[in-house]
Every structure is written in structure tokens, then in C-alpha cells.
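Below: the structure, in C-alpha cells.
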Amino acid sequence: MRRTGSCQSLFDQSRMMTLAALCCSGTLLGWTVPGWTAAVVVGTGQDHCYNYRSEIPCPRRGEPYYGQDVQHSGKPPVYQESGDGMITDRITGLTWTKAVDSRKLSPEEASVQAKQIRVGGFSDWRVPSIKELYSLIDFRGYTGFEPDNMEMKRVPRNAIPFLNTDYFSFRYGNVRSGERYIDAQWLSATPYVSTTMRGDKTVFGVNFADGRLKGYGYLPPGKRAEPMRFYVRFVRGTPYGINQFHDNGDGTITDQSTGLMWSKNDSGKGMNWAQALEYATSSQLAGHRDWRLPSAKELQYIVDYSRSPDTSNSAAIDPLFQATAIRNEAGKRDFAYYWSSTTHLDGPQPGRNAVYVAFGRAIGQMKGKIFDVHGAGAQRSDPKEGEPRMGQGPQGDTQRVQNMVRLVRGGEKVVPEMLPVRDGKGYPEVRRVLEEEGDDLPSETLVPPRPVVPSEGKAAPPRGGLDQRKPPPRPESDLRPPPPPRGEMDSHLPPPRGEMDSRLPPR
């Protein structure tokens, strides 16, 4: 089967990014395509309820924290393994490569490899768009935490990938070569239409080790530096994530690509997570009483990655929507972050943070300077209540505990009996992670190694250092058992400490 289209690589030159997106007919940016077949936004996998710091019994209507993710779960993915290196998601219709290559690739190298691989006998593989890649994230994952591992030089025993490892091979960052274990960013084909930091060319990716979607500056401006490299999982099939919005004329907008109805206006003011849940479930906009806070995947699905404050002077959303303008921490005109109903399990107090999507600049502070560090359209998480702080992590992420709300209604409600069963035999209780070089999957999924460039008559060492060689056998003490079931997990974590979060390792 031949790959269709003739789009030039998105990553050859910065000026070619927009042209490449046009060539691909909106596949990468999520533009409206009339007559597009309706899709289903895949569920997040989350199967517990949480308050502002820990797991709780799911509340009833009228009680605090009612209306969160699991209480209106989207249809869970239905994966099918074909036995020839491919995994098909029956919900989205996308087919994925199962394998993971331990050699991370630059965006340009990934584009080349997509044209070369022949997994399952097909030749139409591509680097996924950010909406396609994000459809795989599973919020049953947990970043993990060990108080004596602040530099993240080993994988915590309680860490669970934000990816269903019953089907997909997974790697944490290569700690033997100096990476942190959370350096497990997967590449998408969606560029940020603006830049981050001090003008870095930026591409969006998903970190399946810590459960975030960010824009990564892969090539600093004016520097002859090695580009950032990513893990890559390839996809084929009809593109997923292309919106088809219709203004209903009553303050609501329907995305005909999914059937979900959205509020045209946002809340216009910020609120904490519990207040956002109550605001959504008590709304009677346009006479409807079933409004709710969207899940992380539903909210990310309506991002328009062709827009940003610096390029379109707007939020990263279709102009049919109204987005409240704000003044950000640098005093610039900007746009809000919106809460989702999804809890993000991270740090010593799993359940303390909730997922949000930045429809304006994803702000951070470094060395006293405030930048767009992760791009409009990024997904991060902030505390559900309390006082916000500046300077979280290596990019100084800015917390916004008071976020706005974009209402949603509709979608396929899944009763708890349809959610994945936790029987201790599979993900997330059992994590299947490749941690040895010898664990690489069959070579049919891989292209030949990158050529070695000689230097002064001598062969250069393999790029990536230890990543090119089989590491020495691990000591028996380093063979870690699977993490405990989620119900027992909290007993393995340190008790809550008032200021512990200020000493969390950087991301």
C-alpha cells in the first residue's frame, strides 16, 4: 500500500511548517473539514474519584466533587493486537506500531523513518498528529514518587506509565545515559505555530511517563546544537481529531465530528476545581440540565493548533468560540487555562492536581524572565485548590489554581461495569516496561542505525552514548517488582507534608 500525499517534512525549515500543514489538508492542525465522519472521543481510562488530595468514594449529585471524569466516562479504547507488530484501536480506527525503538529520533529523522518502515507490510505509516497521539494517554497512570529519588535517576517502584502497556511497548528515559526516568517524550507531527522560550522551534509531544502534553523546543535559535530527540510511535489510518463546528445560535456550538455540544462562551472568571465541577453541573445554558466539565481528552480535542496568541492574536480555539482575554504573569494580553474533570496522579499526594489545557500561552519563569514555555494547546496540571506558585520544574511552570470553565454535554456515558476491570493481572497493576537494551522488539520495525560521522580520521562514538550499546547485567537488587494495586498504593507513599511539593524534582 502506498502512502498518500506528498507533504514536505514539517521540520525541514521553520518557514515550511505552515505550508506542510496546508498540504496535509488540516490533518495536523485540526481544521474543520465539511462532511467529516463522526468520531468518538476516547475515554481517559480514569476509574476512581478524587477530592483535593486523595481518592474518595464517588460523590452523588449535589455533593462536593460531583461530576468528575469517571462519573461520565467516555467510551474506553478497544485495542486489538494483530500479531504482526500492529495494534488497532477499534474506537478511533487508528492502527499503531506496537514496538518502541530505544534510539530516540529528531523530528526530521522520524519523518524519514516513517517512509521506510514496512510494519505489517504497509508503507503508509506516519508520525501521528498531537490529537492522534493524545488519544492513547491513559490517566490510570501515576508518575510515581520516592523521597530519596528527587533527581529521578531511577524508576520508582510505584510508577505506572500513562499508556496501556498490555498492548504497547514502553520505555522510561535512559537513566544509564544520564536521562531522568521521566524523559519519555513521544513525538507528534504537530508543530507549534509560534515559538517557545527565546524563539525555539517547537513541536508538540506527549510524555507517557508523567502524563502531560507540551510543546518542546527541539531546536534553539541561532545555535548549532543537536536537536532534541523523542521516542516515536507511528500510526496509519483515517486522520483523527478534525473538528466540524456548528454555531447553534443559542449560546452553544456543536462539534459535528463528535456530536458533543459546547458552550460558546467560557465562564469569564476563574475558580478552583471543586467550584468548576459545581459550576458545570448546575448550569442550565440553553435549557439543558446535563452540562458537565469536559474530560482531558474532550477538552484537548477542541484545541485549534493552527492558532496562538502570538500568531493569530487569539486563543488556540476556533473563532466561533468566545475566549476571555486576561493579563498573564508578564503583563501581556493572553487567554485562560480551562479545567478538565480529570485528576492527574503525580507526586507524594496523588489526586492533588487536576488536568487543564492552556488555550493561551503555557507560561513559565526562568532566571527572572517570563516566557511561553510549552505553547498554547499544552496540557499540564495544577493544584485543585490553594495558593498558586511560580517556578515549578526546570521551565518554572506557572500555577493557576483559579482556572476557567468551558462547558460540554453529550457523548456516550459509560456505566462503571463497562470500565476496565482491575484484576491484578494486567495494566495498570502490572507494568510491562522495556528496561534492557536486549529487549528491543523485532528489527522489522526499525531502520538501520544512524551513520557514524568520522572526525579527524577517527570513528565517532555512537550517537546517544549508552543508548547504542547493551548495558551490563543489572544487579539482582535492581530487578523491581510491579507496582502494587492502586488501592494499596497510598500506603507506599510518604504521609502528606505541607511543603514537600516545593522540593519535587523538575520536569
Notebook entry, point to check: Donor-acceptor pair, R233 side chain versus K98 backbone, under 3.5 Å?
Noted result: yes
Are R126 and E132 close enough for a salt bridge, meaning some N to O gap below 4.0 Å? yes
- Message: Checking D89 against V42 for the side chain to side chain contact (heavy atoms under 4.5 Å, CB included) test, could you report, in this order, the C-alpha distance in whole Å, the side-chain angles of both residues, the deciding distance, and whether it holds?
- Response: CA-CA 10 Å; D89 183 348; V42 183; 4.1 Å; yes
Aromatic plane relationship, Y301 with Y240 - under 30° parallel, 30 to 60° tilted, over 60° perpendicular: perpendicular
Checklist entry - Under 3.5 Å, is there a donor-acceptor pair between the side chain of T202 and the main chain of G215? => result no
Tested for ring-ring contact (aromatic ring centres under 6.0 Å, His included) against Y167, the lone hit among Y427, W96, Y79 is Y79
Less than 4.0 angstrom from a charged side-chain N to a carboxylate O is my criterion; do D101 and R103 meet it? yes
>> Could you walk me through whether F208 and F170 satisfy the ring pair (Phe, Tyr, Trp, His ring centres under 6.0 Å) test, starting with their C-alpha distance in whole Å, then the side-chain angles of each, then the deciding distance to 0.1 Å, before giving a yes or no?
In response: CA-CA 9 Å; F208 289 103; F170 176 81; 7.4 Å; no
### Task
Measure from NZ or CZ of K104 to the centre of the six-membered ring of Y231 and say whether it is under 6.0 Å with the direction within 45° of the ring axis.
yes
Report task. Mind telling me whether Y337 and Y356 have parallel, tilted or perpendicular rings, with 30° and 60° as the class edges? Result -> parallel
| request: Specify whether F139 and F162 have parallel, tilted or perpendicular ring planes, treating 30° as the upper limit for parallel and 60° as the lower limit for perpendicular. | output: perpendicular
Do I130 and V206 have side chains that approach each other closer than 4.5 Å (heavy atoms only, starting at C-beta)? yes
ask   = When you check the gap from the basic side-chain N to the acidic O, do E146 and R154 get nearer than 4.0 Å?
value = yes
ask   = With a 4.5 Å heavy-atom cut-off, do K264 and D247 have their side chains touching?
value = yes
Between D397 and R212, is the closest basic N to carboxylate O distance under 4.0 Å? no
Task: Parallel, tilted or perpendicular: rings of F359 and Y338 (30°, 60°) - done: tilted
field: Validation row: Y181, P156 side chains within 4.5 angstrom (heavy atoms)
entry: yes
**Over 12 foreign heavy atoms within 6.0 Å of CD, E179** = yes
Is it the case that T343 and K384 place a side-chain donor and acceptor less than 3.5 Å from each other?
yes
| message | With a 3.5 Å distance limit and no angle check, can you tell me whether W273 reaches the backbone of A354 through a side-chain donor-acceptor pair? | response | no
What's the verdict on ring pair (Phe, Tyr, Trp, His ring centres under 6.0 Å) for F245 and F321, showing C-alpha distance, side-chain angles and the deciding distance? CA-CA 10 Å; F245 294 120; F321 291 90; 5.1 Å; yes
Evaluate whether atom OH of Y52 has more than 12 neighbouring non-hydrogen atoms of other residues, nucleotides or ligands under 6.0 angstrom away. no
Review point. With distance as the sole criterion, is a donor-acceptor pair present between the side chains of T95 and T88 under 3.5 Å?
Key: yes
Exercise for review: Give a yes or no answer on whether the side chain of T97 reaches the backbone of F234 with a donor-acceptor pair at less than 3.5 Å.
Suggested key: yes
